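Working notes, beginning with the structure itself.
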Number of protein chains: 2
Amino acid sequence: MAFTIKNSAKNGNSTSASNRVEVILDAPTAAAQVDGEAPLTYLNKGQYYTLSLKDKTNTDASITSTVVIMFHDENYRKVASNYWKFWRTQQDNPQQARAIDIESSKSSGVDDIEFQYFDRIAFKWRGAVGANIVIRFNCLSTDFSRIKGVKGIPLRLYTESVASDRVEKGYCRIKLFRDKNVRTKMMQSISRDSWKS
Amino acid sequence: MAFTIKNSAKNGNSTSASNRVEVILDAPTAAAQVDGEAPLTYLNKGQYYTLSLKDKTNTDASITSTVVIMFHDENYRKVASNYWKFWRTQQDNPQQARAIDIESSKSSGVDDIEFQYFDRIAFKWRGAVGANIVIRFNCLSTDFSRIKGVKGIPLRLYTESVASDRVEKGYCRIKLFRDKNVRTKMMQSISRDSWKS
DNA sequence: AAAACCGGTTTC
DNA sequence: GAAACCGGTTTT
């Protein structure tokens with residue numbers, strides 16, 4: 001029952017009119033709401049999700065991509081280091097805690113995976129082949145405060161791909177929940193094209 | 001709309017059949033439930049409550065009483081220090097954090113108030129006069145775990161009074177909530193005699 | 001897997 | 001002050 005959130009052609013501040021790299025988050029249980037804001041995809045902490053990358057031009061070149069988990073709202077991003085610092089203290093092993101992980105054995109088409117930072121994964125792939133990475137998140141949208149009973153903070157799954165000296169950016173607005181299962185409570189409708197460039 | 005929870009004659013392991021010291025918790029908004037367990041009184045963190053002490057024999061002697069906030073269940077009391085240690089780390093000033101406080105200016109008939117420990121108050125009063133102490137709790141029943149969504153731990157308001165070389169003990173099962181207002185949600189019935197000796 | 005529970009928070 | 005919201009937890 002997989003369903004995909006596609007990289008839409010809708011453009012933000014990119015210099016080119018169309019995107020060469022297409023990113024798709026395969027979120028089996030995700031749904032999206034419209035609050036008048038960006039669509040929201042619900043994901044579960046610890047669960048595996050596949051992120052597919054394709055070069056629409058099929059050029060046989062090496063592309064370097066970085067996948068980052070960050071706060072969606074600008075106000076939160078301004079003081080992100082404080083939130084992550086708090087998150088870190090709540091983890092079992094603050095030193096080696098990672099907010100996002102890649103499952104190499106389930107991923108394909110990727111090379112030179114780097115875990116330089118706790119909040120991102122960098123890797124290379126070939127445009128003619130494409131890449132499928134299986135990722136997992138180790139944080140909850142409610143992990144950034146000890147206050148009980150409050151709404152979780154919307155996060156952003158952000159990608160940056162460098163192909164032929166050109167940088168393409170894209171992101172998806174997500175919320176991370178605790179449940180291992182589908183969070184049926186708030187499932188409402190299925191939306192596409194929530195991946196923005 | 002004050003209502004009182006009286007020190008019942010019901011006896012546990014006291015050596016005497018009746019109690020000389022009567023303790024009454026004046027809990028304006030409290031209610032009690034019967035789970036087949038001890039009655040439970042709901043209190044609000046930060047709110048003032050009056051505890052009255054009387055010498056039923058009206059003897060004009062000095063009585064030393066101690067009021068303690070502790071865990072009601074034995075299993076929790078066994079590892080109480082761990083819970084309180086955690087609670088302490090969550091407080092603004094772990095060093096001088098107190099779980100229970102007395103408002104001296106509103107209290108009457110008390111002398112030599114001692115704050116030797118964070119979880120108790122000791123003081124002297126005269127049997128012929130009685131004492132009214134106004135106390136306040138600085139902890140929540142949910143403060144002993146960072147897990148969100150779980151039930152709060154039942155606590156115990158415990159008193160120990162020394163009069164004429166005789167020690168009288170009593171307690172009341174309570175739960176401390178956040179609300180500054182009445183927690184009408186779970187108010188069900190009014191019960192008396194929930195103060196056990 | 002679904003529904004109820006829990007209690008702090010927010011809204012009305 | 002009452003009711004709805006929120007999401008982690010527990011129960012069924």
Side-chain angles (χ1 to χ4, degrees), chain A residues 1-3 27-37 40-47 71-73 75-76 83 86-87 90-92 99 136-155 173-188, chain B residues 1-3 27-37 40-48 71-73 75-76 83 86-87 90-92 99 137-155 173-188:
Chain A
M1 293 305 298
F3 121 85
T29 64
Q33 298 172 316
V34 179
D35 314 65
E37 298 185 0
L40 188 53
T41 300
Y42 297 106
L43 303 178
N44 294 323
K45 174 183 176 181
Q47 193 166 116
F71 294 101
H72 177 78
D73 295 337
N75 287 342
Y76 285 97
Y83 284 109
F86 175 80
W87 172 80
Q90 307 300 106
Q91 303 310 302
D92 290 337
R136 194 172 46 163
F137 304 96
N138 301 317
C139 58
L140 295 173
S141 285
T142 56
D143 271 352
F144 305 97
S145 162
R146 65 162 53 86
I147 303 178
K148 298 166 179 172
V150 296
K151 276 203 285 195
I153 301 175
L155 300 173
R173 185 162 162 257
I174 68 174
K175 216 159 176 181
L176 281 162
F177 286 92
R178 167 74 78 172
D179 286 356
K180 299 189 188 70
N181 313 324
V182 183
R183 177 139 274 269
T184 52
K185 261 180 195 171
M186 39 191 63
M187 295 299 138
Q188 298 180 350
Chain B
M1 292 306 295
F3 121 86
T29 64
Q33 298 173 315
V34 179
D35 314 67
E37 298 184 2
L40 188 53
T41 300
Y42 298 106
L43 304 178
N44 295 322
K45 174 182 176 181
Q47 194 165 115
Y48 291 118
F71 294 103
H72 177 78
D73 296 337
N75 288 342
Y76 285 97
Y83 285 109
F86 174 80
W87 172 79
Q90 308 298 107
Q91 303 310 302
D92 289 336
F137 304 97
N138 301 316
C139 57
L140 295 174
S141 285
T142 55
D143 271 352
F144 305 97
S145 162
R146 66 163 52 87
I147 303 178
K148 298 166 179 173
V150 296
K151 275 202 286 196
I153 301 175
L155 300 172
R173 185 161 163 258
I174 67 173
K175 215 159 177 182
L176 281 163
F177 286 90
R178 168 72 79 174
D179 285 356
K180 298 190 190 73
N181 312 324
V182 183
R183 176 142 274 269
T184 52
K185 259 180 199 173
M186 40 192 62
M187 296 298 139
Q188 298 180 348

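Everything quoted here is computed from the prediction, not taken from an experiment. So you know, we letter chains A, B, ... as the sequences are listed, proteins then strands, and number each from 1.
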| said: Suppose we screen for ring pair (Phe, Tyr, Trp, His ring centres under 6.0 Å). Which residues come up paired with A:Tyr83, at least two apart in sequence or across chains? | reply: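 Ring pair (Phe, Tyr, Trp, His ring centres under 6.0 Å) check on A:Tyr83 returns A:Phe71, A:Tyr76.
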| Should A:Lys175 be listed as having a side-chain N or O under 4.0 Å from OP1 or OP2 of D:dG7? |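 Looking at the OP1 and OP2 atoms of D:dG7, one of them is under 4.0 Å from a side-chain N or O of A:Lys175.
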| said: When you measure from the side-chain N and O atoms of B:Thr142 to the phosphate of C:dG8, is any distance below 4.0 Å, counting only OP1 and OP2? | reply: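 Indeed, a polar side-chain atom of B:Thr142 lies that close.
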| query | Excluding sequence neighbours, so at least two apart, what forms side chain to side chain donor-acceptor pair (under 3.5 Å) with B:Asn138? | reply |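 B:Asn138 satisfies side chain to side chain donor-acceptor pair (under 3.5 Å) with B:Asp101 once adjacent residues are dropped.
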Let me know the distance between [atom1] of [X] and [atom2] of [N], rounded to the nearest Å.
| X | N | atom1 | atom2 | result |
| --- | --- | --- | --- | --- |
| B:Gln90 | C:dG8 | CD | P | 15 Å |
| B:Arg146 | D:dG8 | CZ | P | 15 Å |
| A:Phe144 | D:dG8 | CZ | P | 12 Å |
| B:Lys148 | C:dG7 | NZ | P | 17 Å |
| B:Leu176 | C:dG8 | CG | C1' | 14 Å |
| B:Leu43 | C:dG8 | CG | P | 13 Å |
| B:Ile147 | D:dT9 | CD1 | P | 6 Å |
| B:Leu155 | C:dG7 | CG | P | 12 Å |

| query | With distance as the sole test, does A:Ser141 use its side chain to make a donor-acceptor pair with the main-chain N or O of A:Lys175 at under 3.5 Å? | reply |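 Here the side-chain-to-backbone pair does not exist.
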| query | Considering the terminal five base pairs at each end of the helix from C:dA1-D:dT12 to C:dC12-D:dG1, what angle separates the two local helix axes, rounded to 10°? | reply |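 That helix gives 20° between its end axes.
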| message | Within the 4.5 Å heavy-atom criterion, are B:Arg146 and B:Phe86 side-chain neighbours or not? | response |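 Yes, close enough: below the 4.5 Å cut-off.
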| Closest to side chain of B:Lys151, choosing from C:dG8, C:dC6, D:dG7 |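 Looking only at heavy atoms from C-beta outward on B:Lys151, the closest nucleotide is C:dC6.
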| query | Which nucleotide in the list D:dT9, D:dG7, C:dG8 gets nearest to the side chain of B:Leu140? | reply |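 Looking only at heavy atoms from C-beta outward on B:Leu140, the closest nucleotide is C:dG8.
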| said: Could you work out, with side-chain contact (heavy atoms from CB on, under 4.5 Å) as the rule, every residue matching B:Lys148, not counting sequence neighbours? | reply: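 Expected list: A:Thr142, A:Lys148.
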| task | Kindly give the heavy-atom pair with the smallest separation between B:Arg173 and B:Pro154, and that separation in Å. | result |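 Shortest heavy-atom separation between B:Arg173 and B:Pro154 comes out as NE-CB, 4.0 Å.
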| What pair of heavy atoms forms the shortest contact from B:Cys139 to B:Trp87, and how long is it? |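 Taking B:Cys139 first and B:Trp87 second, the nearest heavy atoms are CB-NE1, 3.5 Å.
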